[in-house]
Number of protein chains: 2
Amino acid sequence: MAENHHEYPRMLGALLRIPFQAIVTKIEAGLRARGYTDLRPAHFVVFQHIRPEGSRITELAERAQMTKQSMSELVHYVEAKGYLEREPDPRDHRASIVRLSMKGEAVNNAAREIIRQVEEEWSNQIGREQMNALKQGLMAIIRVIEVENSNQ
Amino acid sequence: MAENHHEYPRMLGALLRIPFQAIVTKIEAGLRARGYTDLRPAHFVVFQHIRPEGSRITELAERAQMTKQSMSELVHYVEAKGYLEREPDPRDHRASIVRLSMKGEAVNNAAREIIRQVEEEWSNQIGREQMNALKQGLMAIIRVIEVENSNQ
DNA sequence: ACTATTTAGTCAGTTAATCTGACTATATTC
DNA sequence: GAATATAGTCAGATTAACTGACTAAATAGT
């Protein structure tokens with residue numbers, strides 16, 4: 001809200017939003033170009049939050065800040081398209097563990113590759129030094145956010 | 001996708017996403033706390049893109065990268081709640097101009113204030129210097145994005 | 001000048017994304 | 001072992017966004 005506009009200086013919200021949106025758009029387009037046409041932006045959260053050893057649905061829901069019912073649906077869809085595998089959790093028979101399938105790993109790598117390319121392009125334009133400063137700043141803020149969240 | 005995780009270094013996508021999400025969450029909570037309970041995140045785009053002199057619906061739709069039908073609905077809702085005023089465009093009788101009402105300006109200012117506070121808090125944590133470097137870097141990237149978009 | 005085309009916006013209907021509430025089955029606590 | 005909490009699903013509702021068809025006004029072409 002009220003974050004933008006060429007005329008007066010942009011607020012931090014818009015400063016973060018515009019590059020983030022741009023990168024999301026590029027990931028979408030890049031995945032489509034590579035033939036992954038059955039994944040929509042909503043499904044990205046599954047890939048964003050799943051751990052390499054696999055995650056529970058409840059855990060994914062929590063990390064993505066949505067209800068477990070909604071996450072359950074997303075996982076179902078993504079699993080049905082072959083990007084996920086699911087197995088019962090041996091320690092807790094109520095739960096199941098979802099992890100990326102080989103196809104899932106492949107999209108994930110494709111997405112990483114796209115992001116890497118975008119970073120490189122931007123880095124070429126603004127300079128490696130400024131890009132590094134930017135990343136350091138973002139990491140510092142993320143650490144602050146994580147502290148806030150942990151002792152909320 | 002594949003942007004996160006404590007274990008290995010985060011990708012640029014996650015570096016941008018996490019602070020952006022955090023700020024959106026804070027804006028939501030802050031507006032709710034100030035009594036603006038009828039605005040949902042979807043409506044924020046209207047405020048983000050409207051120009052001080054007012055904007056057309058088609059223009060807002062374009063800037064928000066959505067269809068004019070969808071934007072039309074959002075504008076309707078936000079207008080019905082009293083945040084917007086609408087008047088016919090004297091230059092083009094097909095179009096109308098929407099602009100913020102006094103109530104609309106008030107939420108906008110509230111949102112700006114919330115963002116300013118978040119920036120200040122973060123700045124206190126990471127240091128004014130690093131915050132400035134971060135903002136400079138984001139602005140530089142936004143300039144790159146704007147050039148890309150203009151000669152796409 | 002008038003016909004054809006484009007543009008601004010709405011109406012109607014659909015799909016996608018997310019929510020709430022109720023439920024089953026398994027775990028945990030006391 | 002009974003009471004309570006947790007993981008996940010099912011069903012239904014709401015919200016967000018889309019496509020297609022349309023009206024009215026503006027612009028372009030001849």
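The chains referred to below are lettered A, B, ... by the order of the sequence lines, with proteins before strands, and numbering in each begins at 1. Keep in mind it's a predicted model, so treat the numbers as computed, not measured.
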Problem - 5′-ward residue of the pair B/Pro41/B/Arg94 relative to DNA chain D - result: B/Pro41

Exercise for the section: Look at B/Thr58 and C/dG9 and indicate whether a side-chain polar atom (N or O) is within less than 4.0 Å of OP1 or OP2. Expected result: yes

Practice task
Run the numbers on B/Glu87 and B/Arg99 for side-chain contact (heavy atoms from CB on, under 4.5 Å), then give the verdict.
Solution key: CA-CA 9 Å; B/Glu87 66 176 48; B/Arg99 65 167 56 80; 3.3 Å; yes

Problem - Gap between atoms CG and P, on B/Leu60 and C/dT10 respectively (whole Å) - result: 12 Å

Practice task
Using a heavy-atom cut-off of under 4.0 Å over every strand shown, decide if B/Ser72 touches base, sugar-phosphate, or nothing.
Solution key: sugar-phosphate

Exercise for the section: Find out whether A/Val98 and A/Val46 are in side-chain contact, i.e. whether some heavy atom of one side chain is under 4.5 Å from a heavy atom of the other. Expected result: no

Handout entry: Nearest-Å distance for atom pair CG/P, residues B/Asp89 and C/dG9
Key = 8 Å

Practice task
Considering just the side-chain nitrogens and oxygens of B/Arg56, establish if one lies under 4.0 Å of OP1 or OP2 belonging to C/dG9.
Solution key: no

Exercise for the section: Look at all strands and tell whether A/Arg86 reaches a base, only sugar-phosphate, or nothing, counting heavy atoms closer than 4.0 Å. Expected result: sugar-phosphate

Practice task
May I ask you to verify if any side-chain N or O of B/Arg40 is less than 4.0 angstrom from the OP1 or OP2 atom of D/dA16?
Solution key: yes

Handout entry: Flag if over 12 foreign heavy atoms under 6.0 Å of CD, A/Gln117
Key = yes

Exercise for the section: Figure out the CD/P separation between B/Glu79 and C/dG9, and round it to whole Å. Expected result: 12 Å

Handout entry: Donor-acceptor pair present, B/Gln69 side chain and C/dG13 base, under 3.5 Å
Key = no

Problem - A/Arg17 charged N/C atom sitting above B/Phe44 aromatic ring, 6.0 Å / 45° - result: no

Practice task
Report the distance from atom CE of B/Met66 to atom P of D/dA16, rounded to the nearest whole Å.
Solution key: 10 Å

Practice task
Report yes if some heavy atom in the side chain of B/Arg51 is under 4.5 Å from a heavy atom in the side chain of B/Glu59; otherwise report no.
Solution key: yes

Problem - Donor-acceptor contact below 3.5 Å, side chain A/Ser101 vs main chain A/Gly82 - result: yes

Practice task
Could you state the atom-to-atom distance from CD1 of B/Ile57 to C1' of C/dT7 in whole Å?
Solution key: 14 Å

Completion exercise
Among the nucleotides D/dA7, C/dG9, C/dT10, whichever has the atom closest to the side chain of B/His76 is C/dT10

Practice task
Starting from P on D/dC18, measure out to CD on B/Gln65 and report it in whole angstrom.
Solution key: 10 Å

Exercise for the section: Measure from the side-chain heavy atoms of B/Asp92 and tell me the nearest of C/dG9, D/dA7, D/dA25. Expected result: D/dA25

Handout entry: Closest to side chain of A/Thr67, choosing from D/dT15, C/dA27, C/dC19
Key = C/dC19

Completion exercise
On DNA chain C, more 5' by nearest nucleotide between A/Leu74 and B/Lys68 is B/Lys68

Exercise for the section: Looking only at side-chain atoms of B/Glu73, point me to the closest of D/dT6, C/dG9, D/dA17. Expected result: D/dA17

Handout entry: Shortest side-chain distance from B/Ala42, nucleotide among D/dA16, D/dG8, D/dA5
Key = D/dA16

Exercise for the section: Could you check how far OH of B/Tyr77 sits from P of D/dA17, rounded to whole Å? Expected result: 13 Å

Practice task
Ignoring backbone atoms, test whether A/Ser70 places a side-chain nitrogen or oxygen under 4.0 Å from the OP1 or OP2 oxygen of C/dC19.
Solution key: yes

Practice task
Could you tell me the separation between the CD atom of A/Glu59 and the P atom of D/dT6, rounded to a whole number of Å?
Solution key: 16 Å

